[in-house]
Novice: 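To start, I am sharing the structure in question, which I have written as structure tokens.
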Amino acid sequence: MVDQPAAAEKAADIQTRTVEDPVVEAQDVSMAFGSNTLFRDVTFQVAKGEVFVILGGSGCGKSTLLKLMIGLYDPTAGRTKILGQDLHAASGDARRHLLARLGVMWQSGALFGSMTLLENVMLPLEEHTRLPREAREEVARVKLGLVGLSDAANRLPAEISGGMAKRAGIARAMALDPPVLFLDEPSAGLDPITSAGLDQLIKDLARDLGTTFVVVTHELQSILAIGDRCIMLDKQAKGMIAEGDPRELRDHATHPTVRAFFRREAM
Ligand SMILES: Nc1ncnc2c1ncn2[C@@H]1O[C@H](COP(=O)(O)OP(=O)(O)OP(=O)(O)O)[C@@H](O)[C@H]1O
Ligand SMILES: [Mg+2]
């Protein structure tokens, strides 16, 4: 009974929303590694063409949630779906087909250092298509063009800046024209101006191509700039403490941790 006020407070910042034909959905998802429960009952839906942001402090399970969504881990309870299909239940060709429709850029960004940017972007096309080399190269050039790297196609990762590497990572994640892109901390380690440029790129791609983005970040500026919607995970609460429009949460959140985050207040 003592924790009732806390529960009410928590619910106040969670504006649950359902959409028609969600691109990504999580239903009562819980995840634990052994006895270490990261989160329980995470539920949300992502609509087509929106930029959906997952935020929360270090170690609350953001990257793990992303990995669950793309089928790298199975949840301990609940389920996730992508494009209406349960990746965890799919096997063989159905699973491979579904995986080929997701683009992912990891926190580390990892490009292959011995390959040019063009070759890096061509890689998924080599793995998942039977396109001849000229066609693969053509597609890869188009993707590099989309992220503003046409002139750097023949450079090696060591010869470009951090911001360019992130762009190249996005180009590679987009090689197969995925309807949904997952980005883990795309602006980590970038200066504010480069980071703002990357935000603009994400917004442009969502608007112009209708690509759906699921982005993990804890950069407040970035969340307010690109997020159509967000959820906030919390390590102490072991679950979601907020869901909604980031600007509304900034102005109206009641949970102390959510307020502290959006208003940059000390707790
Ligand atoms: N494969 C794994 N096996 C066991 N524990 C793991 C595994 N992956 C992550 N963890 C633990 O789960 C917790 C959450 O990790 P996760 O990487 O999801 O956090 P995060 O929110 O992405 O943090 P950050 O903001 O630092 O990237 C951490 O305590 C981590 O040690
Ligand atoms: Mg992480």
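For ligands, and for the atoms within them, numbers begin at 1 and follow the listed sequence. The chain is numbered in sequence order, starting from 1. Values below: every heavy atom of this structure, side chains too, minus hydrogens, waters and symmetry copies.
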Novice: Give a yes/no answer: is there an N/O/S atom of Ser58 under 2.8 Å from the Mg ion (ligand 2)?
Specialist: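 Checking Ser58: none of its N, O or S atoms is under 2.8 Å.
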Novice: Any heavy atom of Lys67 closer to ligand 1 than 4.0 angstrom?
Specialist: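 It does not; every heavy atom stays at 4.0 Å or beyond.
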Novice: Before you tell me yes or no, could you show the steps for Tyr73 and Phe33 under ring-ring contact (aromatic ring centres under 6.0 Å, His included), namely the whole-Å CA-CA distance, both residues' side-chain angles and the distance that decides it to 0.1 Å?
Specialist: CA-CA 10 Å; Tyr73 296 139; Phe33 290 110; 5.4 Å; yes
Novice: May I ask you to check whether Thr80 and Asp86 show a side-chain donor-acceptor distance below 3.5 Å?
Specialist: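 Their side chains do not contain a donor-acceptor pair, so the 3.5 Å distance test is not met.
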Novice: Kindly identify the option in Thr64, Val216, Leu65, Leu66 whose heavy atom sits closest to atom 15 (O) of ligand 1.
Specialist: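 Ranked by closest heavy atom to atom 15 (O) of ligand 1, first place is Thr64.
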Novice: Can you sort out the partners of Leu156 under side chain to side chain contact (heavy atoms under 4.5 Å, CB included), two or more places apart, ordered by chain and number?
Specialist: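 Leu156 satisfies side chain to side chain contact (heavy atoms under 4.5 Å, CB included) with Thr116, Glu159 only.
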Novice: Before accepting this row, confirm whether a basic side-chain N of the pair Arg79/Glu25 lies closer than 4.0 Å to the acidic partner's carboxylate O.
Specialist: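 So Arg79 does not pair with Glu25 through a salt bridge.
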Novice: For atom 23 (O) of ligand 1, state which one of Gly61, Ser63, Gly59 supplies the nearest heavy atom.
Specialist: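 Residue with the shortest heavy-atom distance to the ligand atom: Gly59.
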Novice: Which of the atoms of ligand 1 are close to Glu185, meaning less than 4.0 Å from one of its heavy atoms?
Specialist: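 Numbered from 1, ligand 1 contributes 25 (O), 27 (O).
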Novice: Quick one: does Asn36 get an N or O within less than 3.5 Å of an N or O on ligand 1?
Specialist: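 It does not: no N or O of Asn36 is found under 3.5 Å from an N or O of ligand 1.
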Novice: Within 45° of the six-membered ring axis of Phe261 and under 6.0 Å from that ring's centre, is NZ or CZ of Arg263 located there?
Specialist: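 The answer is no; the distance or angle limit is not met.
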Novice: Can you sort out which atoms of ligand 1 are near Cys60, meaning under 4.0 Å from one of its heavy atoms?
Specialist: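 Atoms satisfying the 4.0 Å criterion: 21 (O).
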Novice: For a quick test of reading the model, state the closest non-hydrogen atom pair linking His128 to Ala100 and the distance between them.
Specialist: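 His128 and Ala100 have their closest heavy atoms at ND1-CB, 3.9 Å.
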Novice: Please identify which atoms of ligand 1 are closer than 4.0 Å to at least one heavy atom of His218.
Specialist: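 What qualifies from ligand 1 is 25 (O).
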